[in-house]
Asks: 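Below is a structure I'd like to ask you about.
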There are 2 protein chains.
Amino acid sequence: MKLSTKGRYAVTAMMDLAIHDREGPVTLSDISSCQGISLSYLEQLFAKLRQTGLVEGVRGPGGGYRLGKPSHQISVADIIMAVDENIDNTRCKGSKDCNKGEKCLTHHLWNDLSERLYDFLDGITLSEFIKNPEVRKISHRQDTTASRIANMFPPRSKAS
Amino acid sequence: MKLSTKGRYAVTAMMDLAIHDREGPVTLSDISSCQGISLSYLEQLFAKLRQTGLVEGVRGPGGGYRLGKPSHQISVADIIMAVDENIDNTRCKGSKDCNKGEKCLTHHLWNDLSERLYDFLDGITLSEFIKNPEVRKISHRQDTTASRIANMFPPRSKAS
DNA sequence: GTAATCTTGACTTATTTAGTGGGGATTATA
DNA sequence: TATAATCCCCACTAAATAAGTCAAGATTAC
């Protein structure tokens, strides 16, 4: 279990998808300009998200990405694990006692903790976020047309 | 809230201190050889842990580090925050709406999540780990002498 | 006073994150 | 059918961070 800006990007992008889920697919350009993440970097992240079935891509004009399963089946842990390619966090996987006994002991304790953390994040799904009242407001007022217009301005160059 | 190997090193090292707390100070050399973390890197981490009062250094022969407060007052979140110098994780701290409304919205949602995560890790203290039965065993059988002997072998060179 | 230890700081290297660029493939729409 | 919008994939670079090295000093038990 690891938690970095990479995971944060993925989670917030997925939140974005969840928020606009019923308005059809969301383009990466939208997310890029909207959240200030570079388009190509998003592409890399979404490649992983797609491989694990968390999103599905819709090609062609009017396409984009949408959630691969209902939002209540996508946990924060799922997203982070998908992009942060799980570091084999101790080297002594499980039963091998890697050096003395003691090294393995702290590894064991860490694994306990890591597992608890995973369970915690696995219990939080995207659906919880779209219940947020502020989300509802935005989700209603911001229709697809608006984002299309925003998209006419080149999103690749760095916004000052 | 960030979670990387750096934080993991700090947490497992602190676990080590907690385990051997009553046997007097633990040297960084011990932790280094025992857990396979480089001595100088540990020094950097412990400098931060000391600044935040999580550990206290004891100089001179027989010295080392010991916990700066009772283990039940040291949470995992404390340790991680001490070494992982909190990334200002959104840039728009709090009330500023950083771009459109939407960017700030996902930031807000992320902050919610981050806060929940913090609270979770703040609820887990070192004292929980030393209650582990396996820890008790090790803690008893491994007396200070043993670690001193191990310490006679140069810990700086890379063990193959 | 000597050796074991902490303490500090400057430096190097490895790894990861983030971003760039370009060349496709697919498909809605004109 | 042509065009443009989009996903998709790959190889590369740049920046940031993690991890480790080296060296010099401070403090204290013995």
Side-chain angles (χ1 to χ4, degrees), chain A residues 2-10 13 17 24-33 35-51 55-66 68 80 83-88 144 147-152 154-159, chain B residues 2-10 13 17 24-32 35-51 55-66 68 80 83-88 144 147-149 151-152 154-159:
Chain A
K2 198 171 141 193
L3 193 49
S4 59
T5 46
K6 194 176 188 178
R8 195 182 78 222
Y9 279 177
L17 254 58
V26 177
T27 70
L28 292 190
S29 305
D30 277 356
I31 299 176
S32 169
S33 62
Q35 294 199 27
I37 309 172
S38 101
L39 180 59
S40 301
Y41 195 47
L42 277 173
E43 280 174 349
Q44 291 172 36
L45 298 183
F46 272 76
K48 294 182 182 170
L49 293 173
R50 201 175 56 87
Q51 280 159 25
V55 301
E56 56 184 23
V58 181
R59 291 180 157 198
Y65 283 96
R66 70 163 72 101
I80 292 174
V83 298
D84 262 344
E85 71 264 359
N86 198 13
I87 38 177
D88 62 336
T144 318
S147 58
R148 295 285 179 228
I149 291 171
N151 198 22
M152 289 175 184
R156 306 190 77 125
S157 59
K158 213 171 292 176
Chain B
K2 198 172 142 191
L3 194 49
S4 59
T5 45
K6 194 176 187 177
R8 196 182 78 222
Y9 280 177
L17 254 57
V26 177
T27 70
L28 292 191
S29 306
D30 278 356
I31 299 177
S32 169
Q35 295 198 27
I37 309 171
S38 103
L39 179 60
S40 301
Y41 196 45
L42 278 174
E43 282 171 350
Q44 289 172 38
L45 298 184
F46 271 76
K48 292 183 184 171
L49 292 173
R50 201 176 56 86
Q51 279 159 25
V55 300
E56 56 184 20
V58 180
R59 290 181 160 198
Y65 283 95
R66 71 164 70 101
I80 292 174
V83 298
D84 262 344
E85 70 265 0
N86 198 13
I87 39 176
D88 60 336
T144 317
S147 58
R148 294 288 178 226
I149 291 171
N151 198 22
M152 289 175 184
R156 307 190 76 124
S157 60
K158 213 172 290 176

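Within every chain, numbering begins at 1; the chains are lettered A, B, ... in the order of the sequence lines, protein sequences first and strands thereafter.
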Asks: Are any of A:Tyr41's side-chain N or O atoms less than 4.0 Å away from OP1 or OP2 of C:dA18?
Replies: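 So the side-chain polar atoms of A:Tyr41 do come within 4.0 Å of the phosphate oxygens OP1 or OP2 of C:dA18, strictly under.
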Asks: Is any side-chain nitrogen or oxygen of B:Ser29 closer than 4.0 Å to OP1 or OP2 of C:dT5?
Replies: no
Asks: Nearest to the side chain of B:Arg59 - D:dG20, C:dC6, C:dA4?
Replies: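 Of all the options, the side chain of B:Arg59 is nearest to C:dC6.
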Asks: Classify the ring geometry between B:Tyr9 and B:Tyr41 as parallel (under 30°), tilted (30 to 60°) or perpendicular (over 60°).
Replies: perpendicular
Asks: Between B:Glu56 and B:Arg50, is there a salt bridge with N-O shorter than 4.0 Å?
Replies: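 Not counted as a salt bridge, because no side-chain N and carboxylate O are separated by less than 4.0 Å.
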Asks: Return the value, rounded to whole Å, for the distance between atom CD of B:Glu56 and atom P of C:dT5.
Replies: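 Spelled out: CD on B:Glu56 to P on C:dT5 is 17 Å.
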Asks: Ignoring the backbone of B:Lys2, work out which of D:dA18, D:dT21, C:dG19 is nearest its side chain.
Replies: D:dA18
Asks: Taking the minimum atom-to-atom distance to the side chain of A:Gln44, which one of C:dT27, D:dT21, D:dA11 wins?
Replies: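 Of the candidates, D:dA11 comes closest.
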Asks: Could you check A:Tyr65 against B:Tyr9 and say which one's nearest nucleotide on DNA chain D is further toward the 5' end?
Replies: A:Tyr65
Asks: Measuring from atom CG of A:Leu45 to atom NZ of A:Lys6, what distance do you get when rounded to the nearest 0.5 angstrom?
Replies: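 Between A:Leu45 CG and A:Lys6 NZ, I get 7.0 Å after rounding to 0.5 Å.
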Asks: What's the CG-C1' distance between B:Leu3 and D:dA18, to the nearest Å?
Replies: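 Nearest whole value for this atom pair: 14 Å.
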Asks: Is there a donor-acceptor pair closer than 3.5 Å between any side-chain N or O of A:Thr5 and the backbone N or O of A:Arg8?
Replies: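 Here the side-chain-to-backbone pair does not exist.
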Asks: Classify B:Phe46 by what it touches in the nucleic acid, base, sugar-phosphate, or nothing, heavy-atom distance under 4.0 Å.
Replies: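 Result for B:Phe46 = nothing.
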Asks: Just how far, in rounded Å, is P of D:dC8 from CG of A:Leu49?
Replies: 11 Å
Asks: Assuming nearest nucleotide by heavy-atom distance, tell me which of A:Lys6 and B:Arg50 is located more 5' along DNA chain C.
Replies: B:Arg50
Asks: Between A:Leu39 (CG) and C:dT17 (C1'), how many Å, whole number?
Replies: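 One finds 17 Å between C1' of C:dT17 and CG of A:Leu39, rounded.
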Asks: Can you figure out which of D:dC8, D:dG20, D:dT6 approaches the side chain of A:Thr27 most closely?
Replies: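 Comparing D:dC8, D:dG20, D:dT6 against the side chain of A:Thr27, the answer is D:dT6.
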Asks: Tell me if the side-chain of B:Glu43 makes a donor-acceptor pair with the base of C:dC6, cut-off 3.5 Å, by modelled atom types.
Replies: no
Asks: How long is the line joining CD of A:Gln35 and C1' of C:dA18, in whole Å?
Replies: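 Nearest whole value for this atom pair: 16 Å.
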Asks: Let me know, please, whether A:Gly60 or A:Ile37 comes out on the 5' side of the other along DNA chain C by nearest nucleotide.
Replies: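 Final value for this comparison: A:Ile37.
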Asks: Using atom CG of B:Leu45 as one end and atom C1' of C:dC6 as the other, report the distance to the nearest whole Å.
Replies: 15 Å
Asks: Is a side-chain donor or acceptor of A:Ser32 paired with a backbone partner of A:Leu28 at a separation under 3.5 angstrom?
Replies: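 No; judged by distance alone, with no hydrogens or angles, the pair does not exist.
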Asks: Report the distance from atom CZ of B:Arg8 to atom C1' of C:dT16, rounded to the nearest whole Å.
Replies: 15 Å
Asks: Whole angstroms only, please: what is the CG-P distance between B:Asp30 and C:dA4?
Replies: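 In whole Å, C:dA4 P and B:Asp30 CG are 14 Å from each other.
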Asks: Go through C:dT20, D:dC22, C:dA10 for me and flag the one nearest to the B:Ser40 side chain.
Replies: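 Nearest to the side-chain atoms of B:Ser40, counting from C-beta on, is D:dC22.
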